[in-house]
Amino acid sequence: MRIFLGGLFHETNDFSPVPTGRASFEAMSWRPRLQRDVPPSVNLLGYGGALARARGLGLDVVAGPYAAAIPSARAGAPVWAELVDELLGELRAALPVDAVYLFLHGAMSTEGVDDCEGEILARVRELIGPDVPLGSSMDLHGTVTTKMLSSADFVVACKEYPHVDLEAESARVVDLLLAQANARIRPVSAAVRVPMLLIGPTTSGPLQSFVTRLRACESGPGMLSASAFHGFFGADHPDAGAAVVVTTDGDPALARRIAMELAQDLANSALAQGNVGMDLRTALEAADAHPGTVILADRADNSGGGAGGDSTLVLAELLRRNVRNATLGMMWDPVAADFCALAGEGSRLRLRLGGKVGPMSGPPLDVDAHVLAVREDVRQAAFGRGEANMPIGRSAAVRVGGVDVVIGSIRHQVFSRHVFEEHGIELANKKLVVVKSTQHFYEAFAPLGKVIYCDVPGTVTSDFSALPYARLPRPMWPIDPTPPVPAFIHGG
Ligand SMILES: [Zn+2]
């Protein structure tokens with residue numbers, strides 16, 4: 001069997017102050033036709049999981065292009081045209097194939113195109129014809145659309161937030177495509193929209209138990225796949241919202257029944273979980289009251305949701321309170337990192353820190369900084385697992401009052417302890433560790449102490465009612481408090 005693999009991955013936040021261009025994708029792309037090896041800084045995520053499985057099964061693999069960018073605003077129409085032409089051009093050159101697998105985000109939008117994944121899948125379907133199996137694995141923060149489902153045989157989300165199962169779910173899609181290509185299964189899908197936007201972790205509480213039920217459901221008789229998409233709060237367009245997609249082996253009634261049951265369950269679980277965050281004052285008081293190390297997640301400034309990564313709101317409050325024995329990472333401020341490198345390790349300087357990307361970053365802080373470390377080569381591990389291959393660029397650690405602040409030059413959320421430890425910061429000895437991340441820090445940091453999610457104003461605010469939506473369908477929970485009413489968008 002000959003299978004084509006490709007990937008185009010961008011979580012687009014309509015409220016992000018960070019623009020997206022061709023260069024945003026260049027840093028995290030792989031063109032197997034031109035480069036034999038994956039560049040060391042590229043993390044293939046789901047594409048990697050699918051590639052390993054396809055090669056492991058001994059399939060005739062055509063590795064197509066992979067391009068990913070850190071979450072940010074919509075790219076312009078020319079960038080989109082170039083990216084999609086490259087992907088489709090390589091697929092066209094690879095034809096005929098027996099199956100196509102694509103690693104996509106699910107919440108990619110560009111200038112003039114709300115549903116990029118739907119557009120890609122529709123154009124791939126046009127190229128390969130109606131009978132060639134086509135499947136995609138996506139981030140659970142994707143926005144599922146009718147267009148995606150009417151083009152692909154499998155639209156599958158990872159189940160966990162943090163997304164520690166992206167590789168495994170992607171490998172499973174390859175298995176399903178192989179089974180379909182060999183006529184062993186006949187996929188039939190149903191999908192239900194749940195008009196809600198979730199940002200809740202699956203590591204505890206009602207959403208964790210929901211995932212357990214979701215997995216049990218998926219392994220039931222006649223079932224091929226069950227996915228719960230949480231939707232993306234930064235997608236300001238008419239398709240936005242959560243969704244459940246269920247694929248069965250030739251049984252549309254089963255697909256419909258399970259999809260609706262899971263949709264109700266997802267809605268109830270999310271309502272029961274509510275917002276897991278606290279306002280900053282309450283969070284710092286709770287941190288104070290805890291005897292050991294506290295990991296404080298500054299969710300609002302998560303670059304992984306499209307934020308600038310240079311908000312000063314939490315740091316300013318720590319300095320105002322004269323908090324001691326704390327550390328905070330990672331402030332995206334290439335100029336400050338350059339200044340620290342210029343001054344050198346051990347030096348002291350007046351430093352203007354953060355607050356530069358936009359109004360949601362707060363004002364810059366002018367501080368007395370003691371340069372603890374300067375590095376050019378620090379890398380972190382995606383989701384806190386596996387090889388540390390994601391560079392943070394020129395970086396520095398500075399002591400400001402009682403807070404050791406890590407400054408990076410490549411905009412990223414904090415995934416792994418390398419961000420701190422590679423600068424000589426001993427996390428186990430710290431009372432307070434502030435990470436600019438919503439949830440992907442969890443695997444690496446939760447073992448250190450108590451996790452507290454904190455909410456301040458910012459691009460990745462948990463208070464969605466503060467965002468200037470213009471095209472979001474309403475009602476939408478939790479902006480509108482009425483419980484969401486699930487409705488079929490496919491196969492109903
Ligand atoms: Zn996600």
Can you give me the closest heavy-atom contact between [X] and [Y], atom names plus distance?
X	Y	result
F233	T459	CE1-O, 3.7 Å
A297	F441	CB-CE2, 3.6 Å
G384	S416	CA-CB, 3.9 Å
S151	G118	OG-O, 4.5 Å
L472	A235	CD1-O, 4.0 Å
P447	R417	CB-NH2, 4.0 Å

So, are [X] and [Y] salt-bridged, with charged N and O less than 4.0 Å apart?
X	Y	result
K436	D298	yes
E167	R385	no
R186	D251	no
E86	R22	yes

Distance (rounded to the nearest 0.5 Å) between [X] [atom1] and [Y] [atom2]:
X	Y	atom1	atom2	answer
L44	F9	CG	CZ	11.5 Å
I258	R256	CD1	CZ	12.5 Å
R379	E387	CZ	CD	8.5 Å
N302	S311	CG	OG	12.0 Å
L102	S170	CG	OG	11.0 Å
L178	N182	CG	CG	5.0 Å

Exercise. What do the steps show when you test Q439 against T203 for side chain to side chain contact (heavy atoms under 4.5 Å, CB included), and what is the final call?
Worked result: CA-CA 9 Å; Q439 176 67 356; T203 40; 2.8 Å; yes
For this session: Look at the aromatic rings of F415 and H440 and report parallel, tilted or perpendicular, splitting at 30° and 60°.
Result: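 Parallel: the ring planes of F415 and H440 meet at under 30°.
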So [Y] and [X], do their side chains get closer than 4.5 Å, heavy atoms only?
X	Y	result
S136	F103	no
L51	V61	yes
T12	H237	no
V164	Y442	no
S137	F154	no
M28	N43	no
V451	F445	no
L198	Y161	no

Exercise. T20 and S72: side-chain donor and acceptor closer than 3.5 Å?
Worked result: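 Looking only at side-chain atoms, S72 and T20 do form a donor-acceptor pair, the distance falling under 3.5 Å.
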For this session: Could you tell me whether the side chains of S24 and H10 share a donor-acceptor contact shorter than 3.5 Å?
Result: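 H10 and S24 do not have a side-chain donor-acceptor pair below 3.5 Å.
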Problem set entry | Given N275, T438, V276, the one that forms side-chain contact (heavy atoms from CB on, under 4.5 Å) with I199 |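 Testing I199 for a side-chain contact (heavy atoms from CB on, under 4.5 Å) against N275, T438, V276 leaves exactly one candidate, T438.
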For this session: Identify the residue among V194, L271, T482 that makes a side-chain contact (heavy atoms from CB on, under 4.5 Å) with W477.
Result: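 Output: one option passes, namely L271.
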For this session: Could you please spell out the steps behind the salt bridge (charged side-chain N to carboxylate O under 4.0 Å, His left out) verdict for D153 and R125?
Result: CA-CA 10 Å; D153 299 294; R125 177 55 77 198; 2.9 Å; yes
For this session: Tell me, with the steps shown, if S465 and D463 meet side chain to side chain donor-acceptor pair (under 3.5 Å).
Result: CA-CA 5 Å; S465 67; D463 177 11; 2.5 Å; yes
Problem set entry | Candidate pair R92 and D85, rule salt bridge (charged side-chain N to carboxylate O under 4.0 Å, His left out), full reasoning | CA-CA 10 Å; R92 197 178 292 113; D85 284 354; over 6 Å; no
For this session: Check the pair D115, K147 against salt bridge (charged side-chain N to carboxylate O under 4.0 Å, His left out), reporting the backbone distance first and the verdict last.
Result: CA-CA 8 Å; D115 176 16; K147 192 171 187 176; 5.8 Å; no
Exercise. Around atom CZ of R31, are there more than 12 heavy atoms of other residues, nucleotides or ligands at under 6.0 Å?
Worked result: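 Buried by this count: over 12 neighbours within 6.0 Å.
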Problem set entry | Test side chain to side chain contact (heavy atoms under 4.5 Å, CB included) applied to L8 and W80, step by step | CA-CA 10 Å; L8 184 51; W80 157 245; 4.3 Å; yes
For this session: Would you mind listing every salt bridge (charged side-chain N to carboxylate O under 4.0 Å, His left out) that reaches into residues 216-242, with sequence neighbours excluded?
Result: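 Listed by first then second residue: K159-E218, R172-E218.
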For this session: Can you tell me which residue pairs pass the salt bridge (charged side-chain N to carboxylate O under 4.0 Å, His left out) test with a partner in residues 57-76, sequence neighbours excluded?
Result: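 The answer is R2-D60, D14-R74, R74-D114.
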Problem set entry | Audit row: V79, T110, side chain to side chain contact (heavy atoms under 4.5 Å, CB included) steps and yes/no | CA-CA 9 Å; V79 177; T110 54; over 6 Å; no
For this session: Decide yes or no on side chain to side chain contact (heavy atoms under 4.5 Å, CB included) for W332 and I410, but give the supporting numbers first.
Result: CA-CA 7 Å; W332 181 46; I410 295 178; 5.5 Å; no
Exercise. Checking side chain to side chain donor-acceptor pair (under 3.5 Å) for the pair S204/Q273: CA distance, chi angles, key distance, verdict?
Worked result: CA-CA 9 Å; S204 62; Q273 185 142 318; 5.5 Å; no
For this session: Please lay out, stage by stage, how H105 and H141 fare under the test ring-ring contact (aromatic ring centres under 6.0 Å, His included).
Result: CA-CA 8 Å; H105 186 283; H141 295 112; 7.3 Å; no
Problem set entry | Residues E160, T202; criterion side chain to side chain donor-acceptor pair (under 3.5 Å); working and verdict | CA-CA 6 Å; E160 303 286 355; T202 60; 2.8 Å; yes
For this session: Determine, step by step, whether F15 and Y469 satisfy the ring-ring contact (aromatic ring centres under 6.0 Å, His included) criterion, reporting the C-alpha distance in whole Å, the side-chain angles of both residues, the deciding distance to 0.1 Å, and the verdict.
Result: CA-CA 9 Å; F15 310 114; Y469 291 105; 5.1 Å; yes
Exercise. Would you say N389's side chain and S41's backbone share a donor-acceptor pair under 3.5 angstrom?
Worked result: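 Not confirmed, N389 side chain does not pair with S41 backbone.
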For this session: Would you check if the side chain of E117 reaches a backbone N or O of G106 as a donor-acceptor pair within less than 3.5 Å?
Result: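 Such a contact is found between E117 side chain and G106 backbone.
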For this session: Please say which of D301, D333, D310 ends up in a side-chain hydrogen bond (donor to acceptor under 3.5 Å, both in side chains) with S361.
Result: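 With S361 as partner, D301, D333, D310 yield a single side-chain hydrogen bond (donor to acceptor under 3.5 Å, both in side chains), made by D310.
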Problem set entry | From CA spacing to verdict: side chain to side chain donor-acceptor pair (under 3.5 Å), T145, H490 | CA-CA 9 Å; T145 66; H490 179 78; over 6 Å; no
